[in-house]
There are 2 protein chains.
Amino acid sequence: MKRTTIVDVGRLAGVSAKTVSRVLNGEPHVSQAVKQRVREAADALDYHPNVFAQALVRRKSNMIGLIYENPSPSYVVELQRGVLDRLTGERYQLVVIPIRSVQEHAGEVVGMLRSAALDGVVLAPPASDNPIILNQLKDARILCARIAPTRMIDAAPSNLIDDVAAAREIAEHIIGLGHREIAIIRGDPTHASTEARMLGYMQAFYKAGIELRLERIEPGLFTFDSGLSAARDIFGRGDRPTAILAQNDDMAVGAMMAAREFGLSIPDDLSVVGFDDSEVSRITWPRLTTVRQPVFEMAIAATEMLIAQLEDRAVTARITHPHELLIRESAAPPRSLE
Amino acid sequence: MKRTTIVDVGRLAGVSAKTVSRVLNGEPHVSQAVKQRVREAADALDYHPNVFAQALVRRKSNMIGLIYENPSPSYVVELQRGVLDRLTGERYQLVVIPIRSVQEHAGEVVGMLRSAALDGVVLAPPASDNPIILNQLKDARILCARIAPTRMIDAAPSNLIDDVAAAREIAEHIIGLGHREIAIIRGDPTHASTEARMLGYMQAFYKAGIELRLERIEPGLFTFDSGLSAARDIFGRGDRPTAILAQNDDMAVGAMMAAREFGLSIPDDLSVVGFDDSEVSRITWPRLTTVRQPVFEMAIAATEMLIAQLEDRAVTARITHPHELLIRESAAPPRSLE
DNA sequence: CGCGAAACTGTCAACGTTATCAGCATATCT
DNA sequence: AGATATGCTGATAACGTTGACAGTTTCGCG
């Protein structure tokens with residue numbers, strides 16, 4: 001069985017292959033009558049251009065990639081939803097490149113991208129912050145747009161939120177409620193925003209004159225399970241805090257689960273806050289006080305930046321997206337103040 | 001700037017392009033010495049084959065698609081995770097095809113796939129059940145493997161669970177706890193498993209001699225919000241049930257949220273059960289009694305079936321995956337029996 | 001009416017790879 | 001020894017499309 005080619009369409013319409021190509025690609029210098037005939041012939045033959053022949057001769061694949069390392073399911077879904085949303089109606093395809101550990105395999109990533117012949121990639125954390133990947137992309141001339149990088153902001157188009165300010169604001173909210181004994185569950189140490197959020201918390205503590213003790217800082221990995229076990233460790237020790245700042249919502253929800261295991265009611269015995277405003281923050285009870293990070297919008301904007309580069313349009317180099325403190329039911333004044 | 005081609009590698013190694021091709025594709029009839037020289041030359045030049053030229057001449061793209069319609073985020077994540085998991089180490093790329101409404105755009109789907117030049121697709125519900133898509137795929141000679149179809153099981157390789165039995169079992173569990181006043185929140189009517197689960201519930205009701213009243217069946221869409229508003233409707237009416245069977249976990253969690261709005265405590269005032277064992281069922285409190293559907297494993301198996309077809313290996317035509325009733329804390333005997 | 005410019009259309013050669021076939025050398029069998 | 005198979009290698013022609021260029025027609029304007 002032979003595929004129908006552009007030559008077949010041309011034969012049926014009585015024109016050359018080149019003319020068919022011109023019509024189908026919307027190039028000028030084709031008469032209306034010919035346009036019409038070619039369109040009809042293409043429809044009649046149910047012609048679909050061969051994207052590989054196009055890619056070969058145009059040296060452009062029309063495929064873009066999304067690189068992430070699975071931190072939290074809701075984050076990934078939002079991310080991908082944003083990219084796909086911007087891509088509908090465009091001629092680009094999304095290829096998903098799963099990376100187990102960006103940290104460990106940074107050197108191999110660009111090789112994979114080159115093999116996949118992508119025109120460009122949207123980099124989500126932690127790849128968006130990885131200097132090795134950024135440099136290799138530049139060398140391989142693969143375009144990129146970044147989501148939530150914290151370093152080398154001007155190395156490639158970036159979509160940011162002010163992680164430090166957002167973290168400071170939510171910490172100030174907790175302090176404002178009267179909490180002084182506050183534990184922190186950190187995110188994945190390979191994500192740079194972990195440090196940025198840490199810094200924001202510390203600024204708030206410093207301003208309020210609260211000492212942050214080292215044993216109040218618990219490591220985590222941005223997953224529900226890591227939040228659960230971090231909180232268990234916190235509660236297992238004698239000196240129980242009245243509030244927990246978790247660096248994302250999944251870990252905060254894990255901490256809430258641990259609180260129930262220890263018979264602590266939220267927010268009466270313990271306040272818990274998260275970060276991201278991911279779906280889980282809205283479906284648990286009590287609903288989670290958190291900071292909204294507009295992941296969906298950032299993904300759309302990053303994809304737009306990438307497309308703009310691919311089509312040689314002017315590119316916005318940096319967008320700082322607004323964050324927003326969302327006060328819900330998981331945080332309240334500590335019992336001692338009631 | 002010119003790309004390094006297979007000819008360049010051949011020149012450096014002192015052999016023909018064809019021989020380089022033979023070495024790189026692991027074909028026989030090449031001497032060890034030549035193999036060695038070619039490998040070194042390819043490394044030295046940092047050669048990556050042009051996948052489009054390969055695809056053009058081989059008439060194979062090495063790209064497969066995943067088609068879903070976004071019902072529940074956790075379901076989609078599991079699905080995609082499964083496909084990617086099976087694909088690691090293979091030479092296939094995953095292209096994500098987002099479809100707004102399979103029901104409405106069934107006719108356009110295959111056109112999109114042909115344009116994308118995919119070798120095959122993994123079909124998730126509701127596309128896996130759509131006869132238009134199935135037929136057009138066959139006409140276009142695009143291979144496929146299906147996840148959770150309910151009709152035309154033998155039309156293409158399928159990964160199933162026994163939806164009817166699973167639904168019956170969870171309904172029997174609720175009935176066994178003593179519930180008689182039971183409401184149902186249905187799933188998206190365009191997904192065939194909605195009907196299958198309905199049937200399972202009804203079998204259990206029939207066996208127990210319980211009459212199912214029409215006003216106890218509430219429509220839903222497999223989303224948290226649809227579950228929330230369905231449950232609000234249920235509670236808003238005078239005649240309140242003691243248990244709710246939701247056709248997936250997201251809707252069940254929505255129903256739990258509505259219950260709290262109405263001051264109902266779970267499971268004391270109301271039992272709620274879901275379906276799927278998605279992540280949300282484990283992170284809410286009380287944790288959701290549900291039926292585990294092994295989505296991840298089904299996605300892996302479907303991808304395996306697709307790869308087997310692509311490589312002309314023997315294909316398992318059908319796998320029925322085990323389901324499992326998971327009894328957690330969201331269902332208990334009704335208060336009247338305590 | 002003549003002439004340059006613009007509009008339209010076609011020809012040919014790439015793009016980078018692999019399939020096909022042919023050629024030669026060496027090994028194996030009668 | 002001659003015939004036959006087998007291992008290794010290269011030349012050539014596709015795969016389906018578009019870029020570069022050239023040729024022809026039509027149009028506008030003095």
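As the structure is a prediction and not an experimental result, all values here were calculated from the model.
- The closest side-chain donor-acceptor pair between A:Ser158 and A:Arg318, if any, does not fall under 3.5 angstrom.
- In this model, the phosphate group of D:dT17 is not approached by any side-chain N or O of A:Gln54 to a distance below 4.0 Å at OP1 or OP2.
- Atom CZ in B:Phe52 sits roughly 15 Å away from atom C1' in D:dT18 (whole-Å rounding).
- Not counting sequence neighbours, the partners of B:Phe222 by the ring-ring contact (aromatic ring centres under 6.0 Å, His included) test are B:His191.
- Protein atom OH of B:Tyr47 is 11 Å distant from nucleotide atom C1' of C:dT18, rounded to whole Å.
- With sequence neighbours left out, A:Arg151 forms a side-chain hydrogen bond (donor to acceptor under 3.5 Å, both in side chains) with no residue at all.
- Nucleotide D:dG16 holds its P atom 16 Å from the CZ atom of B:Arg58, rounded to whole Å.
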**Q.** Footprint string (nucleotides 7-13 of chain D, 5' to 3'): B base within contact, S backbone only, - free, heavy atoms under 4.0 Å
**A.** SBBBB--

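- Within the structure, every side-chain polar atom (N or O) of B:Arg59 is placed at least 4.0 Å from both OP1 and OP2 of D:dC15.
- Listed by first and then second residue, the side chain to side chain donor-acceptor pair (under 3.5 Å) pairs involving residues 116-130 of chain B are B:Ser61-B:Asp119, B:Asp129-B:Thr150 (not counting sequence neighbours).
- End-to-end axis angle of the helix from C:dC1-D:dG30 to C:dT30-D:dA1, from C1' rotation axes over five pairs per end: 30° (rounded to 10 degrees).
- For B:Arg313, the salt bridge (Lys or Arg N to Asp or Glu O under 4.0 Å) partners two or more places apart in sequence, or in a different chain, are B:Glu304, B:Glu311.
- One interatomic measurement links the two molecules: CG of B:Asn62 to C1' of C:dT17, which rounds to 13 Å at whole-angstrom precision.
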Would you list the atom pairs, donor with acceptor, under 3.5 Å between side chains in residues 19-28 of chain A and any protein atom, with sequence neighbours excluded?
{"from": "A:Thr19", "atom 1": "OG1", "to": "A:Ser16", "atom 2": "OG", "distance (Å)": "3.0"}
{"from": "A:Ser21", "atom 1": "OG", "to": "A:Asn25", "atom 2": "ND2", "distance (Å)": "3.4"}
{"from": "A:Asn25", "atom 1": "OD1", "to": "A:Arg58", "atom 2": "NH2", "distance (Å)": "2.8"}
{"from": "A:Asn25", "atom 1": "ND2", "to": "A:Ser21", "atom 2": "O", "distance (Å)": "2.8"}

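- Between A:Leu56 atom CG and C:dA13 atom C1' there is a gap of 13 Å when expressed in whole angstrom units.
- Taking CD1 of A:Ile99 as the start and NE2 of A:His105 as the end, the distance is 9.0 Å to the nearest 0.5 Å.
- In this model, the phosphate group of C:dT17 is not approached by any side-chain N or O of B:Ser21 to a distance below 4.0 Å at OP1 or OP2.
- A search for side-chain contact (heavy atoms from CB on, under 4.5 Å) contacts involving A:Arg11 returns A:Val7, A:Asp8, not counting sequence neighbours.
- Atom-to-atom, CG of B:Leu24 to P of C:dT18 comes out at 8 Å; the value is rounded to the nearest Å.
- A straight line from CG of B:Asn50 to P of C:dT17 spans 6 Å, rounded to a whole angstrom.
- Which of D:dG16, C:dT18, D:dT18 sits closest to the side chain of B:Asn25 comes down to C:dT18.
- Applying the side chain to side chain donor-acceptor pair (under 3.5 Å) test to pairs two or more places apart or on separate chains, those with a residue in residues 29-38 of chain A are A:Gln36-A:Glu40.
- If you take NE2 of A:His48 and P of D:dT17, they are 12 Å apart, rounded to a whole angstrom.
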